[in-house]
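Quick one: the structure is below, questions incoming.
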Number of protein chains: 2
Amino acid sequence: MSDRAKQTAYLKVKEAVMERIRAGDWKPGDLIPKEEDLARDFGCARMTANRALRELAEEGVIERRKRAGSRVALQTGRNALFEIPRVDKEIEATGAAYRYRLLERKIAEPAALARSRLGLEPGEKALKLVCLHYANETPFQLEERWINLAAAPEAAAESFQEINPNLWLLERLPWSEVEHVVSAVNASRWAAERLEVPEGEALLLVERRTWNEAARITYARFLHPGRFYSLSAGGQR
Amino acid sequence: MSDRAKQTAYLKVKEAVMERIRAGDWKPGDLIPKEEDLARDFGCARMTANRALRELAEEGVIERRKRAGSRVALQTGRNALFEIPRVDKEIEATGAAYRYRLLERKIAEPAALARSRLGLEPGEKALKLVCLHYANETPFQLEERWINLAAAPEAAAESFQEINPNLWLLERLPWSEVEHVVSAVNASRWAAERLEVPEGEALLLVERRTWNEAARITYARFLHPGRFYSLSAGGQR
DNA sequence: AAGTGGTCTAGACCACGGG
DNA sequence: CCGTGGTCTAGACCACTTC
């Protein structure tokens, strides 16, 4: 079940809020009490309530906006278990400097594979982006991404010169479903040149599809040279 | 590009610490200044420095222990959460026939890498197994596994001719922690022959470590040709 | 035993953004 | 405009761990 260790005050608040959400007292989209009220109710300082809510927001349980207050996140799913990896954070977590570069941007009809992943009809167009993510000036990830303009029309107006597509999407479109497929491929000449590895080198390919109730949002292929992912899971449940 | 937003004090501290780490001033294992000192140096409150260090610890950049101080994390790469393990029986789930074959079984001292994964001292021995898993008579997975005999002494009496090590372990030893590391490698001649693929073919390598409160149990390397993993995540929990 | 992180408080000012 | 979150402070006590 959940933590019974209600020793620290901010955890008490956090657990209590989660409990109300779990119980259905506060449903997705509902406004929850503001920090000040929570602090009063729990007899703690506002900073304590703040930390509880901040962590819940980081975990995706609630969404917060100034002036508008905190609401239970719409996506029923807990991002706590399945978070979308963020390249920039992963890289910075290793102590390396993160750099992003856009290689290509065009609006075109996707090839058959990408088209089916996005659920588009033949003839429909989408936004294609190709970009490179560097860790300390070394290519770390080559990204090939299609964005469904029907789901994210604002993308057509974004240059993606400065912000990476993943961040841009995360900030704008809530997803409710994600699928990852991981495989290994030999580097094509095209990929090898960009990743600065020998042709034929084994690359880790991660394909990701994201969608919500309304539409398929994006399909992306990430290519990584060498070692990459570390998935860890504790033994609960 | 990293954050230019040095507006907030705790981010200033965080960035500054990361910068020192990146620059190599503070190397993995090094002690970094304590909160109090950082607060003084940056002219902020200790809670502000605390938040900076707390976030760095959450991101895996540093490790903190009471009384012992904060150190630059030793492990350079990790992060990115995914899902919990999967079962080998998924071959059957695809409708293919599953077959298992033991290729090798011996008790020996593991090489350095495996030894450290199992947490053994030089000279200690462990049980090594090599086996192949087939889907419809096609090699699907090549498994190289070390079992810590201190944690699972019964394994020494099991032939593993008929039952695959994963199942055997699952039925006997409850694990509380699992770690997976996924990467891509080019097929060595040895692996290529057994998997019946060309040498140099890109293979998906999954390393798995399993342990419980008492001891490290097993370390396994799984090699897969071609496509392999499919993780999907909706909302649950 | 003592030093360090972990947390807490009761105030405060600011910035963003909904109304 | 003005309420809400975002952050900050200058103290404080506690808990854990190493010494």
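Below, chain A is the first sequence line, B the second, and so on; all start at residue 1.
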* **Interatomic distance where CD belongs to A/E35 and C1' belongs to C/dG11 [whole Å]** =>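 Whole-Å distance recorded here is 15 Å.
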
* Check whether any side-chain nitrogen or oxygen of A/R51 sits under 4.0 Å from OP1 or OP2 of C/dT7, and answer yes or no. =>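 For C/dT7, OP1 or OP2 has a side-chain N or O of A/R51 closer than 4.0 Å.
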
* To do: Please state how far atom NZ in B/K12 lies from atom C1' in D/dT9, giving the value in whole angstrom units.
  =>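 To the nearest whole Å, that distance equals 15 Å.
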
* Asked: C/dG6 phosphate, OP1 or OP2: any side-chain N/O from B/R64 under 4.0 angstrom?
  ->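 B/R64 to C/dG6 OP1/OP2: side-chain N or O found under 4.0 Å.
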
* Rounded to the Å, how far apart are A/K34 NZ and C/dC16 C1'? ->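 These atoms are roughly 16 Å apart.
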
* To do: Specify the closest pair of heavy atoms between B/L113 and B/R221, including all atoms of both residues, with the distance to one decimal.
  =>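 Closest pair (atom of B/L113, atom of B/R221, distance): CD2-NH1, 3.7 Å.
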
* Would you kindly give the CG-to-C1' distance between B/L11 and C/dA15, to the nearest whole Å? =>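 Spelled out: CG on B/L11 to C1' on C/dA15 is 15 Å.
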
* SB check A/R51 A/E55 (cutoff 4.0 Å) ->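 A salt bridge links A/R51 with A/E55.
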
* Side-chain heavy-atom pair B/R145, B/Y219 within 4.5 angstrom cut-off ->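 When only atoms from C-beta onward are counted, B/Y219 and B/R145 do not touch, as no gap falls below 4.5 Å.
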
* Asked: Between A/T48 and C/dT9, is there a side-chain N or O to OP1/OP2 distance below 4.0 Å?
  ->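 Affirmative; the distance criterion is met.
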
* To do: Using heavy atoms to find the nearest nucleotide of DNA chain C for B/E36 and A/A68 separately, return the residue whose nucleotide is more 5′.
  =>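 Counting from the 5' end, the first nearest nucleotide belongs to B/E36.
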
* Checking only heavy atoms, does the side chain of B/R67 share a donor-acceptor pair with the base of C/dA2 at less than 3.5 Å? ->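 A donor-acceptor contact between them is present.
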
* Which heavy atom in A/F140 sits nearest to a heavy atom in A/H224, and how many Å separate them? ->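 Scanning both residues, the minimum pair turns out to be O-CD2, 3.4 Å.
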
* To do: Establish, with yes or no, whether the OP1 or OP2 oxygen of C/dC8 is under 4.0 angstrom from a side-chain nitrogen or oxygen of A/Y10.
  =>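 For C/dC8, OP1/OP2 do not have a side-chain N/O of A/Y10 under 4.0 Å.
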
* **Nearest listed nucleotide, side chain of B/M47, among C/dC8, D/dT4, C/dG5** =>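 Nearest listed nucleotide: C/dC8.
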
* **Selection from C/dT4, C/dG18, D/dT7 that lies nearest to any side-chain heavy atom of B/K66** =>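 Minimum distance to the B/K66 side chain belongs to C/dT4.
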
* Asked: Counting only side-chain N and O atoms of A/S70, is one of them less than 4.0 Å from OP1 or OP2 of D/dT4?
  ->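 For A/S70, the contact criterion (side-chain N or O under 4.0 Å from OP1 or OP2 of D/dT4) is not met.
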
* Is the shortest side-chain N/O distance from A/R46 to OP1 or OP2 of C/dA10 below 4.0 Å? ->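 No, because none of the side-chain N or O atoms of A/R46 sits under 4.0 Å from OP1 or OP2 of C/dA10.
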
